[in-house]
Amino acid sequence: MFSKSILNWYNENKRDLPWRNKPEAYFVWLSEIMLQQTRVAQGLPYYLRFVEEFPTVHDLAEASQEKVLKLWQGLGYYSRARNLHDTAKVVSVNFGGIFPNNYKDLKKLKGVGDYTASAIASIVYHEPVAVVDGNVYRVLSRFFGVETPINSTEGVKQFKALATKMLAEKSPGLYNQAIMEFGALHCKPKNPQCVTCPVQSNCIAFQQNKAGELPVKLKKQKVRERFFNFLVFQDVKGQMLLQKRVEKDIWQHLYQFPLIESKHNLTLAEIKKTALLDNEKKVLQSIKRWNENPIKHVLSHQKIWAIFWCVEVKKLPENIQNTQQIVNKQELVKFAVPVLMEKFINSKNG
DNA sequence: AAAACGGGGAA
DNA sequence: TTCCCAGTTTT
């Protein structure tokens, strides 16, 4: 009944979009390529300019690449435009302007993957193949309460199978467009309209109030690179300066040597120029770099390059910040420190 | 299996 | 800011 409800919703609520009037392969193909990872509102003006400029696939095939790219300018993912143009030439010249009429052959075209081949095959040729785009992932994961990450190998397989199972075989093209439209307009990523949802009563996410947590998506967490320059102060009595990390960051509440973070690891000259205060310079006896090459320290989401600078001073500063304290080097072991610090300390003692 | 590829709109 | 959009191709 899910599919029937979605189809009914579609009949009542669908947008009037130009490629929907009377599905022809060329227009459906063009719109699908343009709407890959692109909102309808953003792609629509481009679509209108393209069909105006290139009414048939032959017109597109015969255009220069410069002209195609110029018309594509601002839409992003520019390899789409090149693939579009290449495919237009193939269809125009090799296929006499006729697009392949089935999923398998459509998928061979440049820029046509699983989604686009399914969309064209179902919408134009009524082949019962299910589309799985961002909308379908969202709607199905919520309705069935599926928590498999949509960008995992397992998730891709599972959702394609589920979408295929739900496909309304009598009208696959309409159904595919319906579930996507429903996802785009009603079962939205943020603030889905559950209160007026036609399939509310059978929706797992609604029943368990977890629409906001679905679909599950693996974070692609980019690894941030950071450059740490530790200043290991030590006076003639073996006293050292330690400070607590209080900022909202890694290693919160752990202790460390005074740290200068920079865009790149600093040189000795830069340390002297920027890192040392005037009164520290006055009591400075020697400063030398402990590790020749920066130590790489990898966290789940960060890569840290660290250099320890051993700074010998006659005496440590009198007035220190309230996050800092002066400790004897024998006492260091009492403080919680990051592993990166611990390794340095152990190597000095051992 | 993961990265690269764009730009804009919404919260 | 972060997320995500009618994904595909390359590494």
Side-chain angles (χ1 to χ4, degrees), chain A residues 6 10 13-20 23 25 27-47 50 69-87 103 106-124 129-142 148-157 159-160 163 167 172-193 211-224 248 300-301:
Chain A
I6 295 297
Y10 184 62
N13 299 283
K14 69 182 171 192
R15 288 168 289 188
D16 183 19
L17 299 173
W19 51 85
R20 282 181 177 162
F27 299 113
V28 173
W29 164 72
L30 182 57
S31 68
E32 293 298 347
I33 300 294
M34 286 186 157
L35 294 179
Q36 288 167 4
Q37 293 292 285
T38 304
R39 292 170 193 278
V40 169
Q42 188 188 359
L44 183 53
Y46 287 84
Y47 174 84
F50 263 74
L69 284 171
K70 182 62 187 176
L71 273 172
W72 197 275
Q73 178 185 301
L75 197 52
Y77 283 150
Y78 297 95
S79 66
R80 287 186 295 172
R82 184 175 52 76
N83 289 334
L84 181 86
H85 197 202
D86 288 351
T87 290
Y103 169 88
L106 282 163
K107 200 168 177 306
K108 294 174 185 167
L109 301 174
K110 276 190 189 174
V112 177
D114 182 83
Y115 163 79
T116 305
S118 301
I120 301 172
S122 64
I123 295 170
V124 182
V129 281
V131 296
V132 185
D133 74 334
N135 294 305
V136 175
Y137 280 121
R138 188 168 55 254
V139 173
L140 292 180
S141 68
R142 285 175 177 170
T148 313
I150 61 172
N151 54 343
S152 66
T153 304
E154 177 59 26
V156 170
K157 271 169 52 185
F159 280 97
K160 178 76 178 183
L167 186 67
L174 275 181
Y175 168 78
N176 278 336
Q177 293 181 83
I179 189 171
M180 290 191 286
E181 190 83 333
F182 180 67
L185 301 183
H186 202 105
C187 192
K188 300 179 292 182
K190 303 282 174 62
N191 304 119
Q193 307 298 296
E213 295 147 50
L214 292 171
V216 175
K217 195 170 185 179
L218 262 26
K219 309 257 183 271
K220 44 183 161 286
Q221 53 184 11
K222 54 184 187 287
V223 175
R224 179 157 70 119
K248 188 172 181 292
S300 64
H301 53 302

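Below, chain A is the first sequence line, B the second, and so on; all start at residue 1. Since this is a predicted model, take the numbers as computed values, not measurements.
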Exercise. Side chain to side chain donor-acceptor pair (under 3.5 Å) with T116(A): which residues, sequence neighbours excluded?
Worked result: Q36(A)

Exercise. How close or far is atom C1' of dG7(C) from atom CH2 of W29(A), stated in whole angstroms?
Worked result: 16 Å

Problem set entry | dC5(C) phosphate, OP1 or OP2, under 4.0 Å from Q37(A) side-chain N/O | no

Exercise. Given the P atoms of dA6(C) and dA4(B), what is the spacing between them in whole Å?
Worked result: 24 Å

Exercise. When all nucleic acid strands are considered with a 4.0 Å heavy-atom cut-off, which category describes W19(A): base, sugar-phosphate, or nothing?
Worked result: base

Exercise. When we call it a touch if two heavy atoms are under 4.0 Å apart, what does I33(A) touch: a base, just sugar-phosphate, or nothing?
Worked result: nothing

Polar-atom pairs under 3.5 Å, protein N or O versus N or O of nucleotides 9-11 of chain C: list them with distances, or write none.
residue: dT9(C); atom: OP1; partner: G111(A); partner atom: N; Å: 2.5

For this session: Select base, sugar-phosphate, or nothing to describe what T116(A) touches, counting heavy atoms under 4.0 Å on all strands.
Result: sugar-phosphate

For this session: Give one of base, sugar-phosphate or nothing for G74(A), where a contact means two heavy atoms less than 4.0 Å apart.
Result: sugar-phosphate

Exercise. Between T38(A) and A117(A), who's closer to the 5' end of DNA chain C by nearest nucleotide?
Worked result: T38(A)

Seminar exercise, completed: d(K107(A) NZ, Y115(A) OH) to nearest 0.5 Å is 14.5 Å

Seminar exercise, completed: 5'-most contact on DNA chain B (nearest-nucleotide basis), Q36(A) vs E154(A), goes to E154(A)

Could I get a table of every N or O pair under 3.5 Å where one atom is in the protein and the other is in nucleotides 9-11 of chain B?
none

Problem set entry | Contacts of type ring-ring contact (aromatic ring centres under 6.0 Å, His included), residue F182(A), not counting sequence neighbours | W9(A), H186(A)

Exercise. Can you name the residues that form a ring-ring contact (aromatic ring centres under 6.0 Å, His included) with Y10(A), not counting sequence neighbours?
Worked result: none

For this session: For R80(A) and N83(A), test the side chains for any donor-to-acceptor distance below 3.5 angstrom and give the result as yes or no.
Result: no

For this session: Determine the Euclidean distance between corresponding P atoms of dG6(B) and dT11(C); express it in Å to zero decimal places.
Result: 14 Å

For this session: Report yes or no: is there a donor-acceptor pair, N or O only, under 3.5 Å between the side chain of R20(A) and the base of dA6(C)?
Result: yes

Exercise. Using a cut-off of 4.0 Å on non-hydrogen atoms, how would the nucleic acid contact of N176(A) be classed: base, sugar-phosphate, or nothing?
Worked result: nothing

For this session: Return the value, rounded to whole Å, for the distance between atom CG of N151(A) and atom P of dG7(C).
Result: 14 Å

Problem set entry | side chain to side chain donor-acceptor pair (under 3.5 Å) against Y46(A), all qualifying residues, sequence neighbours excluded | none

Exercise. For K110(A), does the NZ atom have more than 12 heavy-atom neighbours from other residues, nucleotides or ligands under 6.0 Å away?
Worked result: no

Exercise. What is the distance, rounded to the nearest whole Å, between atom CG of L44(A) and atom P of dG8(B)?
Worked result: 16 Å

Problem set entry | base_contact_polar (dG6(B) base, Y77(A) side chain, donor-acceptor, <3.5 Å) | yes

Seminar exercise, completed: By side chain to side chain donor-acceptor pair (under 3.5 Å), T148(A) pairs with (sequence neighbours left out) Q158(A)

For this session: Quick one: label V40(A) by what it contacts on the DNA or RNA (base, sugar-phosphate, nothing), any heavy atom closer than 4.0 Å.
Result: sugar-phosphate

Problem set entry | With Y77(A) via ring-ring contact (aromatic ring centres under 6.0 Å, His included) - residues at least two apart | none

Exercise. How would you list all residue pairs meeting salt bridge (Lys or Arg N to Asp or Glu O under 4.0 Å) that involve residues 172-183 of chain A, not counting sequence neighbours?
Worked result: R15(A)-E181(A), R20(A)-E181(A)

